[in-house]
J.: 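For reference, the structure I am asking about is given below.
Remember, it's a predicted structure, so these values are computed and weren't measured experimentally. All values below come from the heavy atoms of this structure, side chains included, with hydrogens, waters and symmetry mates left out. Every chain is numbered from 1, with letters handed out A, B, ... down the list of sequences.
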2 protein chains.
Amino acid sequence: MKTNNTNKQSVTVHDVARVAGVSKSTVSLVLRGSDKASDRAKEKVLKAIEETGYVYNREAAAMRSKSSDLVAIVINDLTNPYSANLAVALEKHIRELGLMATLVNTSENALTQTQIVAKLQEYRVKAFIICPTPNTQASWLNQLQKPHTQVVSIMRQVDGSQVPCVLPNNEMGAYNATKALMARGHKHIAFIGGDAAISDYHQRLAGFNKAAKEQVDIQTWVFNSTTNRHGGRLAMSECLAQVPQVESVVCFNDIVAYGVIEYLAEQNLKPGADIGVIGFDDLDDSKLMSVPLSTVKIDANDIAKAVCHILKNDTQEGLTQVPVELIERSS
Amino acid sequence: MKTNNTNKQSVTVHDVARVAGVSKSTVSLVLRGSDKASDRAKEKVLKAIEETGYVYNREAAAMRSKSSDLVAIVINDLTNPYSANLAVALEKHIRELGLMATLVNTSENALTQTQIVAKLQEYRVKAFIICPTPNTQASWLNQLQKPHTQVVSIMRQVDGSQVPCVLPNNEMGAYNATKALMARGHKHIAFIGGDAAISDYHQRLAGFNKAAKEQVDIQTWVFNSTTNRHGGRLAMSECLAQVPQVESVVCFNDIVAYGVIEYLAEQNLKPGADIGVIGFDDLDDSKLMSVPLSTVKIDANDIAKAVCHILKNDTQEGLTQVPVELIERSS
DNA sequence: AAGGTAAAATGGAACGTTCCAAGAATAATT
DNA sequence: AATTATTCTTGGAACGTTCCATTTTACCTT
């Protein structure tokens, strides 16, 4: 029963108003769910919308009202499974807030990041949720923050920036993981993987060192690597070569742990039984591996909730540390 | 040297015009890079923009000109590594076209898909690039296509839909993979993993069967699974239990192959040496595994290029099949 | 039934840009 | 130097919505 006028000019509030027999203003009221319109009017307008196939023009609305409902999620590297997880969780929670989420990827490139964000500013986005690339300037991040534009930085801290920041409690996570290995009676423990250019790394390493220092007879080693599976494998091979007496390892994240486990398998060493392995993130795969991976879980939903809390309340509180949870499985 | 008026109303073309000593229309011309403005005017305007800190209001522009440069990339599941790869490649190529890409995730949920797309329509996006969820209605996809809205479906084909579609040549890929295994002299070959609800599955399986039928003494089996690492492991365990004489397997994709390899390692079987394994996709990790994975590479850039070709030329050609490449490594 | 009050509906202005038709300035031609 | 052709520039209207001040309608109260 739809009136087919798709080939004509686009349908506007005026058309809907005409069909419904009310004014443009009333239609606008109904569209925004105002309680100032009578039920009878609402009904008529809704029917007219259905009949005409009207679609709301959010650009026009945004221009007039000077407020947008667009939230940009600026992710450093979507091909990283944890980032993708987080992005999806953020998108879902933002949508539940009644806002529109748009996702962009900066590929860890600071220049790309500035370019994309500049373009997004032209769309008057209401908020930026940014996982900053390495070399992000604090001044740049700060000036992004404006009366009608919120900025939240996530997962990584930019020195000297004034914008609210949501982080997992990296130090606590690594501390707990290390203590758990010490509780197994292990005294030779290594920290494997991670990139010193990122703030996460230092926080996790700090937790590791803090735990180790609490007991006098603990020996530790650190082996850096690129933050991927291959890096984990290489670092673990180096570790075993240099420190054959190593009893267990704390990995920078699960992906690195996967590489570690892969190398152990090649050496006929069984994770958990022969060498303790604890990861960080708790990716979906981790619980499903042949030897389920022990890990420090960062719940993406918790991060997303903390971000949404800041968005809703427009608070300027500096740092939100999201608790993490040690999940001991078989490794 | 910037005039600080950030706390005032926002800066508009009028302000820039006043500062530059030209008309609003001239400013608009310069903004759009028109060659109808003199170099002297351009220079003055550019300087004024710098001075005033003007930022372009794309909503206002889009409303007036009735054309947007927003391209929506609607991805079925961003937590799938291949999808994330593809999304990143698409975003990059679309940006190079001078358009703005926005990424959204539907989590394989048809209802979410309709909701998100409806919301995006309110932003008057220029084009939808959709990897459709299972149960996507062809009629829904078709009516999305309008005079000013292009639609391209990627990776999956929706029966009965009229929108242009870009697919990897799944059948050819699986065919070549299977033939490569046959060339090793294998006669007992299984197809592992994949979900029958998705068009990919049937195309890849068809290629597998086609190759097997070309030689009289080939025996084949098919083991379905969920399309993840865990599924691959389960399917492979079932396969080995039921078909101990199996010599090699074609996997639905690399992720499934990872699960397969994991299970083989548990059974002390070496991929390539004991059992041939070929994947599909060529994820970054595949070349870096302890036994580098043989696989059928789907180049995400090729898919993105094909999509951009359709966007540029506004062609309505039905199906674009992107060539795939068999990469034989050690498995 | 008349007056008063609250609720509902409305027309015009405004948001910041681009389009358009037309005017001004400059260059080219005779 | 006068005319024509060409290149630049410009003010006003328009895009589709929301805001605002005002009018109309509905609902009470006495």
Side-chain angles (χ1 to χ4, degrees), chain A residues 5 8-46 48-49 52-70 119 121-126 147-148, chain B residues 5 8-46 48-49 52-70 119 121-126 147-148:
Chain A
N5 45 9
K8 285 257 305 175
Q9 297 287 50
S10 61
V11 183
T12 78
V13 272
H14 295 83
D15 301 309
V16 175
R18 192 167 23 75
V19 172
V22 299
S23 76
K24 343 155 181 232
S25 306
T26 303
V27 175
S28 176
L29 250 24
V30 174
L31 283 173
R32 282 172 293 149
S34 163
D35 55 352
K36 287 188 179 172
S38 68
D39 290 347
R40 204 162 53 89
K42 258 180 219 171
E43 194 184 335
K44 282 193 291 184
V45 168
L46 257 32
I49 287 175
T52 54
Y54 168 79
V55 344
Y56 189 63
N57 185 330
R58 211 164 271 275
E59 281 160 345
M63 185 176 82
R64 178 60 180 104
S65 67
K66 288 180 156 260
S67 82
S68 148
D69 69 342
L70 254 187
K119 198 85 186 270
Q121 284 182 300
E122 301 182 349
Y123 290 90
R124 302 276 144 114
V125 303
K126 182 195 180 71
H148 292 293
Chain B
N5 45 9
K8 285 255 306 174
Q9 297 286 51
S10 59
V11 183
T12 77
V13 272
H14 295 82
D15 301 310
V16 175
R18 192 167 24 74
V19 171
V22 298
S23 75
K24 338 149 187 242
S25 306
T26 303
V27 175
S28 176
L29 250 24
V30 174
L31 283 173
R32 283 172 292 148
S34 162
D35 55 353
K36 286 188 179 172
S38 67
D39 289 347
R40 203 162 54 87
K42 256 181 221 171
E43 195 185 333
K44 283 193 290 183
V45 169
L46 257 30
I49 287 176
T52 54
Y54 168 78
V55 345
Y56 189 62
N57 185 330
R58 212 164 270 275
E59 282 159 345
M63 185 177 82
R64 178 61 180 104
S65 68
K66 287 178 157 259
S67 83
S68 148
D69 68 343
L70 254 187
K119 198 86 186 269
Q121 284 182 299
E122 301 182 351
Y123 289 90
R124 303 275 144 112
V125 304
K126 184 195 178 71
H148 292 292

J.: So which protein nitrogen or oxygen atoms get under 3.5 Å of nucleotides 4-6 of chain C's nitrogens or oxygens?
T.:
none

J.: Tell me the interatomic distance from B:Q121, atom CD, to D:dG16, atom C1', rounded to whole angstroms.
T.: 17 Å

J.: Step by step, work out the side chain to side chain contact (heavy atoms under 4.5 Å, CB included) result for B:T12 and B:N57.
T.: CA-CA 8 Å; B:T12 77; B:N57 185 330; over 6 Å; no

J.: CZ of A:R40 versus C1' of D:dA26: gap in Å, rounded?
T.: 11 Å

J.: With the side chain counted from C-beta on, respond yes when B:H148 and B:K66 share a heavy-atom pair under 4.5 Å apart, and no when they do not.
T.: no

J.: So what does A:D35 touch, heavy atoms closer than 4.0 Å: a base, only the sugar-phosphate, or nothing?
T.: sugar-phosphate

J.: Name the closest nucleotide to the A:K66 side chain, picking from D:dT9, C:dG16, C:dA9.
T.: C:dG16

J.: Do the side chains of A:L31 and A:Y54 get nearer than 4.5 Å, heavy atoms only?
T.: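 Yes. Closest side-chain heavy atoms under 4.5 Å.
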
J.: Apply side-chain contact (heavy atoms from CB on, under 4.5 Å) to A:R58 and list each qualifying residue two or more places apart in sequence or on a separate chain.
T.: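 For A:R58, the residues satisfying side-chain contact (heavy atoms from CB on, under 4.5 Å) (neighbours in sequence not counted) are A:Y56, A:D69, B:K119, B:E122, B:Y123.
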
J.: Quantify the bending of the helix from C:dA1-D:dT30 to C:dT30-D:dA1 as the angle between its end axes, each fitted on five pairs, to 10°.
T.: 30°

J.: Rounding to an integer number of Å, can you tell me how far B:K36 NZ sits from C:dG23 P?
T.: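 So the two atoms are 17 Å apart, to the nearest Å.
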
J.: Please name the pair of heavy atoms, one in A:T52 and one in A:V16, separated by the smallest distance, quoted to 0.1 Å.
T.: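 It is OG1-CG2, 3.8 Å.
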
J.: Between C:dG16, D:dG16, C:dA9, which nucleotide has the shortest distance from any of its atoms to the side chain of B:N57?
T.: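 Closest nucleotide among those given: C:dG16.
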
J.: Nearest of D:dT17, D:dT10, C:dA9 to any side-chain atom of B:T26?
T.: D:dT10

J.: In whole Å, what is the span from the CZ atom of A:R58 to the C1' atom of D:dT17?
T.: 12 Å

J.: Between B:S23 and D:dT9, is there a side-chain N or O to OP1/OP2 distance below 4.0 Å?
T.: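 Result: no.
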
J.: Please give, in whole Å, the distance from D:dC8 C1' to B:E43 CD?
T.: 16 Å

J.: Rounded to whole Å, how long is the line connecting atom NE2 of B:H14 with atom P of C:dC15?
T.: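 Atom NE2 in B:H14 sits about 9 Å away from atom P in C:dC15.
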
J.: Between A:E59 and B:S68, is any pair of side-chain heavy atoms under 4.5 Å apart?
T.: yes

J.: Output side-chain donor-acceptor pairs under 3.5 Å for residues 18-30 of chain B, partner residues at least two apart or in another chain, one line each.
T.:
| from | atom 1 | to | atom 2 | distance (Å) |
| --- | --- | --- | --- | --- |
| B:R18 | NH2 | B:D15 | OD1 | 2.7 |
| B:S23 | OG | B:S25 | N | 3.4 |
| B:S23 | OG | B:T26 | N | 3.2 |
| B:S23 | OG | B:T26 | OG1 | 3.2 |
| B:S28 | OG | B:R32 | NE | 3.3 |
| B:S28 | OG | B:R32 | NH2 | 2.9 |

J.: To the nearest Å, give me how far apart CG (B:D15) and P (C:dT17) are.
T.: 9 Å

J.: Write down the protein N/O and nucleotide N/O pairs, taken from nucleotides 18-22 of chain D, whose separation is under 3.5 Å; answer none if there are no such pairs.
T.:
| from | atom 1 | to | atom 2 | distance (Å) |
| --- | --- | --- | --- | --- |
| D:dT18 | OP1 | A:Y56 | OH | 2.6 |
| D:dT18 | OP2 | A:S28 | OG | 2.3 |
| D:dT18 | O2 | A:R64 | NE | 2.7 |
| D:dT18 | O2 | A:R64 | NH2 | 3.4 |
| D:dC19 | OP2 | A:R32 | NH1 | 2.4 |
| D:dC19 | O4' | A:R64 | NH2 | 3.4 |

J.: Holding to side-chain contact (heavy atoms from CB on, under 4.5 Å), I want the full list of residues that pass it with B:R64, two or more places apart in sequence or in another chain.
T.: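 B:R64: no side-chain contact (heavy atoms from CB on, under 4.5 Å) contacts found.
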
J.: Give the table of side-chain donor-acceptor pairs shorter than 3.5 Å for residues 35-44 of chain A, with sequence neighbours excluded, one pair per line with atom names and distance.
T.:
| from | atom 1 | to | atom 2 | distance (Å) |
| --- | --- | --- | --- | --- |
| A:S38 | OG | A:A41 | N | 3.2 |

J.: What is the distance, to the nearest angstrom, from the CZ atom on B:R18 to the C1' atom on C:dG16?
T.: 15 Å

J.: Taking the side chain of A:A37 as its heavy atoms from C-beta onward, which of D:dT17, D:dT9, C:dA9 lies nearest to it?
T.: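 Nearest to the side-chain atoms of A:A37, counting from C-beta on, is C:dA9.
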
